[in-house]
Amino acid sequence: MSQQSNILRNEEELLPEFNISIGQCLLMQLTTHGTRVAHINPHTGKEQTFQYILDTSRRLAVYLQREGLKVNDTIAVCSENNLEFCIPVCAAFYLGAIACPLNPLYSEREFKHALSISKPKYIFISTVSFNGIRKIFRELHWSPKILMLTDGNNNVSWASMYKVMSNVSIDDANALQPASVNLDDHVTAILCSSGTTGLPKGVMLTDKNITTVIRMYMNTNTIPENAVSLSLLPFFHAYSFVFMILTILRGNCSIIFSHFEEELFLQYIEKYKIEYMPMVPSLMVFLAKHPLVDKYDLSCVKTIWSGAAPLSKEIQQAVAKRLNMNIIDVKQGYGLTETTLAVLRSPDGKGKLGSVGVVVPGTLVKVIPIGEYETDKALGPNCEGELCFKGDLIMKGYYNDEESTRATIDKDGWLHTGDVGYYDEDGYFYIVDRIKELIKYKGYQVPPAELEAILLTFPGVQDAAVIGIPNDKTGELPMAFIVKEENSNICEKDIIQYVNERVSNPKRLRGGIRFVDSIPKTPSGKILRRVLRDRLKSKL
Ligand code: ATP
Ligand code: MG
């Protein structure tokens, strides 16, 4: 790790630049992986090989090309995780078109918002997103074509992608030439941010962004070759979308879960001997605490990554212990949709408990005083501030939204994350919370994530979320929403006492506790505190 005037970089070498597009890269790699199994749907047992992905995606690309789809046109894929998801994505990449994955469970308002960002010419949908799309389809002010991702959908008037590509011969598919594009500048995907703090934003990722990720992971052991990997996190989220591309390129077999069911999740890890598991903290809490976990042999699991939201060191430790894993194999990554994938991650074999690790090669990081924007100041070790990143992983900008782009990437190219954190003397980072979520109590800043971590260690607490409730005298008071474990008879007084014994005075749970059935979260496992705040407001 080198540190110059408090700007940190990782001296590890990346692979040399590729100088080919992501589409060209995929075509090359898919050809080399041949007839090995790429994907298995554990719910149905259905499999597909790399060769099948290559053949099908090329045929679809030829069909779309004949229909006039061009470089920089957009297509949306609106589906839960399934074997078909990657087919239109690869096809778009070959043509230099822009892939826009979308949450199939968006509300009507969110669908309209997300679709109006990218205005796709084609929308590929699954039966899960069918109803949502059907309702808003007529209200869109352009006319996208809709294709179903799967065949055999009775009562559905839209054709399937398989049907429309059936006229493309395999010879025509083999002859497909990938589009040549400007690698530094060409947008290859528009991904929606999670919408944790408001409506989702359309993040433009370029070929350069994604090939930089490939240069980071292709020849390293960070994703071990041939490891069977878990695909449970939704593909429409950057973390899982980019990982899906990486596993195809690397030739890993992925077990693609369409949804999470406690028992099936554990059963399929055991059955398919899943070794490599990208996870989020809510799933980590499940592994750490749920009684079912002890019923299964999970010794196949070699590496777990947690990202997308804060993970406490207690849960990290509890997962390692329960799965009998070395703590350095339970890793953390930190990133934003705007940074393509993780920009901080536990280094191989050298993680520190509770830390999101060190900056990845090829990226710069600094911590600046909160509330400043275009500043030359960069804070030293152990000083909390806003994390900022620069380098080839940083998005091109928000699609058609220069104002938001300028408010996020400053004129020197630094992406301002809105997250508070600090690094230690060894350059290991610790995330405190989002600036927007910090609770203000008498001028003190209280990070809800810290209180949630403590609450989760209280026996009988299954899940917890903390927000600030307005208070005339103090500004805000920290208040907790708690989900009790089944048959637990924990009470408010004991929980508050437990927390208050472990925190400094301003962090005490002065706003009290409410018991609830569940905590609202995004599909990527982030607590939707704005929803809790709204609920509370409407109750009052
Ligand atoms: P929106 O920007 O639409 O409000 P979002 O920021 O949640 O939503 P994402 O891009 O999916 O959308 O998430 C990035 C954010 O997730 C980061 O800014 C950070 O707050 C949080 N995050 C990611 N990884 C970690 C981690 N390892 N620890 C703590 N927080 C994390
Ligand atoms: Mg964000």
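Whatever order the structure lists them in is the order used to number ligands and atoms, beginning at 1.
Remark: distances from the non-hydrogen atoms of Gly333 to ligand 1 include one below 4.0 Å. Taking 4.0 Å as the cut-off, Ser524 does not count as a neighbour of ligand 1 on heavy-atom distance. Residue-ligand proximity: Ala309 is placed with a non-hydrogen atom under 4.0 Å from ligand 1.
Ligand-side atoms of ligand 1 in range of Thr197: 1 (P), 4 (O), range being under 4.0 angstrom from any heavy atom. The Lys201 neighbourhood of ligand 1 comprises atoms 2 (O), 3 (O), with distances under 4.0 Å to a heavy atom of that residue. In the vicinity of His237, heavy-atom distances shorter than 4.0 Å reach the ligand 1 atoms 11 (O). Shown in contact with Glu338 at under 4.0 Å from a heavy atom are these atoms of ligand 1, numbered in order with element: 10 (O). Within ligand 1, the atoms closer than 4.0 Å to a non-hydrogen atom of Val356 are 27 (N), numbered from 1 in the order shown. Those atoms of ligand 1 with a heavy atom of Thr196 less than 4.0 angstrom away are 1 (P), 3 (O), 4 (O), 5 (P), 7 (O), 8 (O). Atoms of ligand 1 lying under 4.0 Å from at least one heavy atom of Thr337, given by number and element, are 9 (P), 10 (O), 11 (O). Close contacts between ligand 1 and Arg434 involve ligand atoms 5 (P), 6 (O), 7 (O), 15 (C), 16 (O), 20 (O) [criterion: under 4.0 Å to a heavy atom].
With a heavy-atom cut-off of 4.0 Å, Ala449 does not touch ligand 1 at all.
No donor-acceptor contact under 3.5 angstrom links the side chains of Gln332 and Ser306, judged on distance only. Under 3.5 Å, the side chains of Asn209 and Thr212 contain no donor-acceptor pair of N or O atoms. Judged purely by distance below 3.5 Å, without hydrogens or angles, the side chains of Glu402 and Thr405 never pair a donor atom with an acceptor atom.
With respect to atom 23 (C) of ligand 1, the closest heavy atom belonging to the protein is Gly335 O, 3.2 Å. Nearest non-hydrogen protein atom to atom 13 (O) of ligand 1 is Lys526 NZ, 2.6 Å. Considering only non-hydrogen protein atoms, atom 21 (C) of ligand 1 sits nearest to Ala308 O, 3.4 Å. Scanning the protein heavy atoms around atom 20 (O) of ligand 1, the nearest turns out to be Asp419 OD1, 2.7 Å.
Using a cut-off of 4.0 Å between Lys/Arg side-chain N and Asp/Glu carboxylate O, Glu450 and Arg502 are scored as not salt-bridged. Taking a cutoff of 4.0 Å between a charged side-chain nitrogen and a carboxylate oxygen, Lys331 and Asp348 qualify as a salt bridge. Looking at Lys201 and Asp401, no side-chain N of the basic residue comes within less than 4.0 Å of a carboxylate O on the acidic one, giving no salt bridge.
Between Tyr498 and Phe458, the ring-plane angle classifies as perpendicular under the 30° and 60° cut-offs.
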Discussion item. Using salt bridge (charged side-chain N to carboxylate O under 4.0 Å, His left out), reason through Lys352 and Asp424 one step at a time and then give a plain yes or no.
Written reply: CA-CA 11 Å; Lys352 284 195 191 187; Asp424 66 15; 2.8 Å; yes

Practice prompt. Start with the C-alpha gap between Arg530 and Glu437, add the side-chain angles, then the distance that decides, and say whether salt bridge (charged side-chain N to carboxylate O under 4.0 Å, His left out) holds.
Written response: CA-CA 9 Å; Arg530 66 180 161 83; Glu437 302 284 17; over 6 Å; no

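Considering backbone and side-chain N/O atoms, Ile431 never comes within less than 3.5 Å of an N/O atom of ligand 1. Of the N or O atoms in Ser194, one or more lie within a sub-3.5 Å distance of an N or O in ligand 1.
Among the candidates Phe85, Phe241, Phe243, Phe124, the single residue satisfying the ring-ring contact (aromatic ring centres under 6.0 Å, His included) test with Phe235 is Phe85.
By the 6.0 Å and 45° rule, Arg345 stacks over the aromatic ring of Tyr217.
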